[in-house]
Structures are given as structure tokens and as C-alpha cells.
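All values derive from a computational prediction rather than experimental measurement. Atom set for the values below is all heavy atoms of this structure, side chains included, hydrogens, waters and symmetry mates excluded. Every chain is numbered from 1, with letters handed out A, B, ... down the list of sequences.
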Amino acid sequence: MLLVGPVQVAARGLLGCLVTDGGVTLRLTEVEAYAGIGQDPGSHAHRRRTPRNASMFGPPGHAYVYFTYGMHWCLNVVCGPVGHASAVLLRAGEVIEGIGVARGRRRRGRDRDLARGPARLATVLAVDRAVDGTPMLDGTGPLRLSDRYPVDPKSIRSGPRVGVAVDHPWRFWIAGEPTVSPFRPYLSRRPPPGNPAAGRTPGAEESAG
DNA sequence: AGTAGGATAATCT
DNA sequence: GATTATCCTACTG
């Protein structure tokens, strides 16, 4: 699998790949690409290196895990090279092994929703702060990223990333997969004064299907 | 089916 | 002090 190179290419290549924590294995159906300093206003690494985003500057194939909204963990695969920040957010997957363990970690929802959305995916893989910075390719860490179920390039769709204000079409998913999460445009907390209706920005329409 | 609002705390300004 | 790469519940139709 090719992680070093344009992060959008790496993102496409991660669709269909398997991620396992030993108890649960997912087949990835939806991902998003995030680039580095000065290249991507939507990226955690847009401005500079900080304690939180340090893993994004580390070796490719390692995990970048962050905590958000006061309650959710999210898992990324770092894409190289060292010193150049980029990562692919793992947004959704299909549980293909360890369904019982997965149900134990997420008691609510239908099976197809177990890893539908980045925080749900992290929950099902038991990802938290301890996973940040660990290798995913050599089997020495808690996670294992392995090679890929065949994905027809024609079945890959792309569109704006979820919840990102100004955006490139750097979200990628496999068409027709029920595990792909619904699209949601960026929503600002406080509507701009004088414009009471909305803090929406126009986004794209489709999701899965 | 679709939308609206709240939860909740690390991180950054 | 404001923001946030989200999810859940409740409500409307």
C-alpha cells in the first residue's frame, strides 16, 4: 500500500483495506485526506506543529489519534514523509470479523452503524490516546493495517469533507456501501449577526448510493 | 426522512 | 473565551 505521495492518492488506496485491533476487523469504506502546513485550512496541521498534531509529522503508517467535542476519539493513518504533515481520517468501515466484540463495545445501533462515522469507528476498534503515534504496519502496535479487498476504481466517489468550512473534494468512499456515513455540511455555532437564518456553507449533495 | 439542539473538554487564540 | 475532522435524542411531517 502506498502511503507516501499525494495524500489524496493515499486516501483512495486505503479504501478496502483492513484495520484490526486483534478483536475486531474492519474493511474501510470511507476516508478523508488532510494535508500539511499552509496547504489545507481544514487540517489540524495547517498552522504549525503542536503537541496534539505531532504524530502527523511523524513516520507514515503510524496512527494519529485526536480527541474532539469533549468526548470523541478519531483515528488517522499518517502519510509520509517524516517532517511533512499529512494524514487520512478513517471515517467508516464494515465489520467483517469480531462482530460480537464490536457489539460489546457499542451497545446501540444496527450492525451497519457500528463503525459508521469516525468516532464510532474508533470506539469499535478500542482506540484512545494510548494508540496515538503507534505503528500500524509492522504488528508491534495495538492496531494492524493490512492489505486490501479489491476495489473497482470506478466505484470510488469523492466530495467535500464532512463538517469542514471551506473545502476540497477530499472525502472518498465506496459507492453503494451502507456503512458510509451521511454527508453533513459545515455548521457554525454562532450565526453571523444580521444573517439570522443560517451559518451553513453550500456543500455537496450525495452520500452513499 | 430530515432537522435542531445539547453534551462536554482539550486545544488554540 | 471561542472553537471543534461528532454523536445522540427528540421532534416534525
TODO: Confirm from the modelled atom types if A:Tyr69 and B:dA7 form a donor-acceptor pair under 3.5 Å, side chain to base only.
DONE: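 Side chain to base: no pair below 3.5 Å.
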Open item on the list: Using the rule side-chain contact (heavy atoms from CB on, under 4.5 Å), only one of A:Val65, A:Thr20, A:Leu75 pairs with A:Leu143; which is it?
Closed with: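 Running side-chain contact (heavy atoms from CB on, under 4.5 Å) over A:Val65, A:Thr20, A:Leu75 with A:Leu143 returns exactly one hit, A:Leu75.
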Return no unless some side-chain N or O of [X] is found under 4.0 Å from OP1 or OP2 of [N].
X: A:Tyr186; N: C:dT4; value: yes
X: A:Arg161; N: C:dT4; value: no
X: A:Arg107; N: C:dC8; value: no
X: A:Arg47; N: B:dT13; value: yes
X: A:His72; N: C:dC7; value: no
X: A:Thr50; N: B:dT11; value: no
X: A:Arg129; N: B:dA10; value: no
X: A:Arg108; N: C:dT9; value: yes
X: A:Arg120; N: C:dT6; value: no

Open item on the list: At 4.0 Å (heavy atoms only), tell me whether A:Gly117 reaches a base, stays on the sugar-phosphate, or touches nothing.
Closed with: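 If one applies the 4.0 Å heavy-atom cut-off, A:Gly117 turns out to touch the sugar-phosphate alone, with no base involved.
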Open item on the list: Under the criterion of centre distance below 5.5 Å and interplanar angle below 30°, is A:Phe67 classified as stacked on the base of B:dA10?
Closed with: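 The ring of A:Phe67 is not stacked on B:dA10.
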TODO: Give, for atom NE2 of A:His44 and atom CZ of A:Arg49, the distance between the pair rounded to the nearest 0.5 Å.
DONE: 16.0 Å
